[in-house]
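In what follows, every chain begins at residue 1, and chains take the letters A, B, ... in the order their sequences are listed.
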Amino acid sequence: MNIEKSLQQDISKAFSTLFQAELKADEIALQPTRKEFEGSHTFVCFPYARLSKKNPEETGKLLGTHLVENSEVVEDFNVVKGFLNLVLTDATWVGAFKDIFNAENFGFQPANGKEVMIEYSSPNTNKPLHLGHLRNNFLGWSVAEILKANGYNVHKVQIINDRGIHICKSMVAWQLYGDGETPESSGKKGDKLVGDYYVKFDQEYKKEIAELEKKGMAKEQAEKEAPIFKKAQELLLKWENKEPEVYQLWQTMNGWVYDGFDVTYKTMGVDFDKLYYESSTYLLGKEQALEGVEKGVFFQKEDGSVWVDLTDEGLDQKLLLRADGTSVYMTQDIGTAILRFTDFPKISKQIYTVGNEQEYHFNVLFKILAKLGYSWAKECYHLSYGMVDLPTGKMKSREGTVVDADDLMQEMVDTAKAHTAELGKVDDFTKEQAKELYEILGLGALKYFLLKVDPRKRMLFDPEESIQFHGNTAPFIQYTHARISAILRKADQLGIKPDYNSFDNLNSLHGSEVGIIGTLSDYPKKVKEAGENYSPDVIAQYVYDLAKDYNRFYQEISIFNEEDQDALKFRIALSTVVAQTIQKAMGLLGIKVPSRM
RNA sequence: GGUCCGCUAGCUCAGCUGGAUAGAGCAACUGCCUUCUAAGCAGUAGGUCUUAGGUUCGAAUCCUAAGCGGAUCACCA
């Protein structure tokens, strides 16, 4: 029996007997008691004074007295300024813990038969992944896990933006300046190599613009007339016409990028159930655009370009096909969405994990899909997250202030290594064990740092702070797990194996033990909340609180010096559940926990 | 200019379905390792919750306006 529900029912009954007033159990709001007062649950009397026809203070006193006499769970109470603080019996806490200890998959919901699709990552294939992608990938992957924990069947997908003017830019630069360079010939990671040519393009492009401007051309026109830019445009057109030479180069260079991405995804610990490629969805989008013209939902301008008019929705007109027939970003997103709902007809929701600078884009996309008559358009949701800023300001790829994903992850692992070596606690580890530990710690620290913040908010990435191993960090939580693991190893050696009835005669609990049980009881609620709001930060915050609670207990109470066998077994059981919960909650964030560190 | 988002301790963030004296971490200062891992624990100090109105028994939380910062309004993705 859930503690909160028992209390709600008892309070409801009390209102009926004491005040002859009807108050439904599920309408009763209880809040956690502030730590400066005695008790665990607080009933705020003000809103109910109307029902009790007594002032809040009086209501609280009558209610408290009645509960102590009639409720099995209430031991004591105090009323402070209209707040009724309830102290529960230790038996109640032990009972609640027994249920948790016994639970099959505590905190997780059984399958609910619903399917959702979540998209994340979705990089362009013209440059390597960076810090912003890390937030995106960790967020999307974590939300997927959290939704699974809430009983959904989840499909993790991404759309790889493998075609378009951006990749053509890299291709042109490689044709002009590449001299046949390949990842094999230069030893460069494929995505880095292609990214270098994207930068090269931009440098040359700027030079050409400057030259044209010098000759008296307006900047805007120079941007369109620069020869290298025109070459990129030509390549795009040739690509859409599937000219073999261009198509092959495109395939080769994308192949290099995919090889590079694979390595990065593997390090990140992120994966996908299905990949969509823009190159194979944009044609469907084109068809839709043309069909839309026939249906009269879209219109064509004199130059042949296709547009949608959303002015009646408070938005603007939006281009869907260029005059030369080539498609834009929006075109392929229409095709992709349709394809996905065709592939997975049962999905009840599609979540797009994409930065908040694209809010307008998705707003428009969903409206277009609705206009085309797709009823599922309203089930599309843009999980919009904030930018990652650096202490030096915004990341700008063209100014070289981008934090590369591979470099950053490596740096985190290196730092974990240095810090661990300094402490010297795992000097007996084999090389492989040590390497694994450094990766668990370094990647964990990074993931936690990026996930503990509300995704909707923009956040500051301070490299100094991100590699901190104290305080509200993954290593702190991982350390707590390692400590518990040491205790459980010892308990195992001593043959202490608590079961459901091992602590039936336990007659008193310490405050820190009650605190842990209270926090554990919150876990299912937190998993649900994190799922409803697509907020891994709820889990991050929770698991930190749990670790803190355990560390206080660890510091205050000795386990193995305890003579009372019931108390000893209870503490082992409590430690077991905390370790499992830490492990599972961190798992929802994609963070592993070591048994020694 | 229109639309949207943010503003809480020196810094980074919780709290936001209205509840008590607004919480953590970092940084600073003070204690605690012959005891299950000190990557820890306990404590001190640090706040007109951007401002002004309003609703309410009660507002960091809801409403209105202003200020500051950001995003967006591309034949870029």
J.: For U55(B), give the paired nucleotide (Watson-Crick: N1-N3 plus N6-O4 or O6-N4; G-U: N1-O2 and O6-N3; both under 3.5 Å), or none.
T.: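 By the stated definition (distances under 3.5 Å), nothing pairs with U55(B).
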J.: Separation of Asn551(A) atom CG from G40(B) atom P, in whole Å?
T.: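 Rounded to whole Å, this separation is 8 Å.
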J.: To the nearest Å, how far apart are Phe46(A) CZ and A59(B) C1'?
T.: 14 Å
J.: Using Watson-Crick or G-U wobble geometry with both distances under 3.5 Å, which nucleotide pairs with A60(B)?
T.: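 By the stated definition (distances under 3.5 Å), nothing pairs with A60(B).
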J.: Determine the interatomic distance between C1' on U72(B) and the same-named atom on G15(B); round to the nearest Å.
T.: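 Looking at atom C1' only, U72(B) and G15(B) are 29 Å apart.
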J.: Taking any strand in view, what nucleotide pairs with C13(B) in a Watson-Crick or G-U wobble way, both distances under 3.5 Å?
T.: G23(B)
J.: Counting the atoms with a prime plus P, OP1 and OP2 as sugar-phosphate, which does Lys548(A) contact under 4.0 Å by heavy atoms, base, sugar-phosphate, or nothing?
T.: sugar-phosphate
J.: Assign Ser595(A) to base, sugar-phosphate, or nothing according to its heavy-atom contacts below 4.0 angstrom with the strands shown.
T.: base
J.: Think Lys457(A) has a side-chain N or O under 4.0 angstrom from the OP1 or OP2 of C7(B)?
T.: yes
J.: For atom P, what is the distance between U17(B) and U61(B), given to the nearest Å?
T.: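 The same atom, P, in both gives a distance of 11 Å.
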J.: Where the side chain of Phe83(A) is concerned, which of A24(B), G25(B), A20(B) is the nearest nucleotide?
T.: A20(B)
J.: Using whole Å, report how far CD of Glu357(A) lies from C1' of A77(B).
T.: 10 Å
J.: When the P atoms of A38(B) and G46(B) are compared, how many Å lie between them, rounded to an integer?
T.: 31 Å
J.: With heavy atoms under 4.0 Å as the rule, sort Met597(A) into base, sugar-phosphate or nothing.
T.: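 Touches a base.
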J.: Using a cut-off of 4.0 Å on non-hydrogen atoms, how would the nucleic acid contact of Gln478(A) be classed: base, sugar-phosphate, or nothing?
T.: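 The residue Gln478(A) makes no contact with any strand.
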J.: In whole angstrom, give me the gap between the C1' atoms of A59(B) and A52(B).
T.: 15 Å
J.: Distance check needed: G58(B) C1' versus Gln31(A) CD, whole Å only.
T.: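 Rounded to whole Å, this separation is 12 Å.
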J.: Would you tell me if any nitrogen or oxygen in the side chain of Lys35(A) comes within less than 4.0 Å of OP1 or OP2 on A24(B)?
T.: yes
J.: Okay, side chain of Gln221(A), backbone of Ala218(A): is any donor-acceptor separation there less than 3.5 Å?
T.: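 The answer is no, because no donor-acceptor pair under 3.5 Å joins these two groups.
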J.: For C4(B), give its Watson-Crick or G-U wobble partner with both distances under 3.5 Å, or none.
T.: G70(B)
J.: Before accepting this row, confirm whether a basic side-chain N of the pair Glu204(A)/Lys231(A) lies closer than 4.0 Å to the acidic partner's carboxylate O.
T.: no
J.: Phe560(A) or Thr42(A): which one's nearest nucleotide on RNA chain B is closer to the 5' end?
T.: Thr42(A)
J.: Less than 3.5 Å between a donor and an acceptor, one on the side chain of Asp303(A) and one on the base of C75(B), is that the case here?
T.: yes
J.: Return the pairing partner of A28(B) with a 3.5 Å limit on both distances, Watson-Crick or G-U wobble; otherwise return none.
T.: U44(B)
J.: Starting from C1' on A77(B), measure out to CG on Asn136(A) and report it in whole angstrom.
T.: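 Atom-to-atom, Asn136(A) to A77(B), this comes out as 14 Å.
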J.: Please give the distance between the P atoms of C5(B) and A9(B) as a whole number of Å.
T.: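 One P to the other, the span is 22 Å.
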J.: Tell me if C33(B) is syn or anti. Syn = glycosidic torsion within 90° of 0, anti otherwise.
T.: syn
J.: Mapping Asn124(A) and Arg489(A) to their closest nucleotides on RNA chain B, which lands nearer the 5' end?
T.: Arg489(A)
J.: What distance, rounded to whole Å, do you find between the two P atoms, one in G70(B) and one in U30(B)?
T.: 40 Å
J.: Using only side-chain N and O atoms of Lys301(A), determine if any of them is under 4.0 Å from OP1 or OP2 of C75(B).
T.: no
J.: Which whole number of Å gives the distance between the C1' atom of C76(B) and that of C11(B)?
T.: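 Between the two C1' atoms, the distance is 36 Å.
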J.: Quick check against the 3.5 Å criterion: does Asn161(A) have a side-chain atom that pairs as donor or acceptor with the backbone of Ser122(A)?
T.: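 Yes, because the side chain of Asn161(A) sits within donor-acceptor range (under 3.5 Å) of the backbone of Ser122(A).
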J.: Assign the ring pair Tyr352(A) / Phe366(A) to parallel, tilted or perpendicular, where the plane angle (0 to 90°) is split at 30° and 60°.
T.: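 Rings of Tyr352(A) and Phe366(A): tilted, 30 to 60°.
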J.: OP1 or OP2 of G6(B) versus the side-chain N and O atoms of Arg458(A): is any pair under 4.0 Å?
T.: no
J.: Using a cut-off of 4.0 Å on non-hydrogen atoms, how would the nucleic acid contact of Arg456(A) be classed: base, sugar-phosphate, or nothing?
T.: nothing
J.: Categorize Asn85(A) for me: base, sugar-phosphate, or nothing, with a 4.0 angstrom heavy-atom threshold over every strand shown.
T.: base
J.: Could you measure between the two C1' atoms, the one in U55(B) and the one in G69(B), and give it in whole Å?
T.: 29 Å
J.: May I ask you to decide whether Lys224(A) forms a salt bridge with Glu220(A), counting only side-chain N to carboxylate O separations under 4.0 Å?
T.: no
J.: Could you please name the option among C4(B), A20(B), A77(B) that lies closest to any side-chain atom of Glu359(A)?
T.: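 Ranking C4(B), A20(B), A77(B) by closest atom to the Glu359(A) side chain puts C4(B) first.
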J.: Looking at His470(A), I'd like to know whether one of its side-chain N or O atoms comes within less than 4.0 Å of OP1 or OP2 on G40(B).
T.: yes
J.: When we call it a touch if two heavy atoms are under 4.0 Å apart, what does Arg552(A) touch: a base, just sugar-phosphate, or nothing?
T.: sugar-phosphate
J.: Does the base of A77(B) carry an N or O that pairs as donor and acceptor with the side chain of Asp333(A) under 3.5 Å?
T.: no
J.: Find the distance Lys224(A):NZ to A74(B):P and express it as a whole number of Å.
T.: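 So the NZ-P distance, Lys224(A) to A74(B), works out to 14 Å.
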J.: Quick check: closest heavy atoms across Lys569(A) and Pro498(A), and the distance to 0.1 Å?
T.: O-CB, 3.5 Å
J.: Can you measure Gln555(A) atom CD to C36(B) atom C1' for me and round it to whole angstrom units?
T.: 11 Å
J.: Are Arg322(A) and Asp303(A) within salt-bridge range, i.e. N to O under 4.0 Å?
T.: no
J.: Both distances under 3.5 Å, Watson-Crick or G-U wobble: report the partner of U37(B), or none.
T.: none
J.: Check whether Arg456(A) reaches the backbone of Asn356(A) with its side chain - one donor and one acceptor, N or O, closer than 3.5 Å.
T.: no
J.: Could Arg163(A) and Tyr282(A) be counted as a cation-pi pair, given that NZ or CZ must be under 6.0 Å from the ring centre and within 45° of the axis?
T.: yes
J.: Just to be sure I understand the rule, does Lys81(A) reach a base, reach only the sugar-phosphate, or reach nothing, if contact means heavy atoms closer than 4.0 Å?
T.: sugar-phosphate
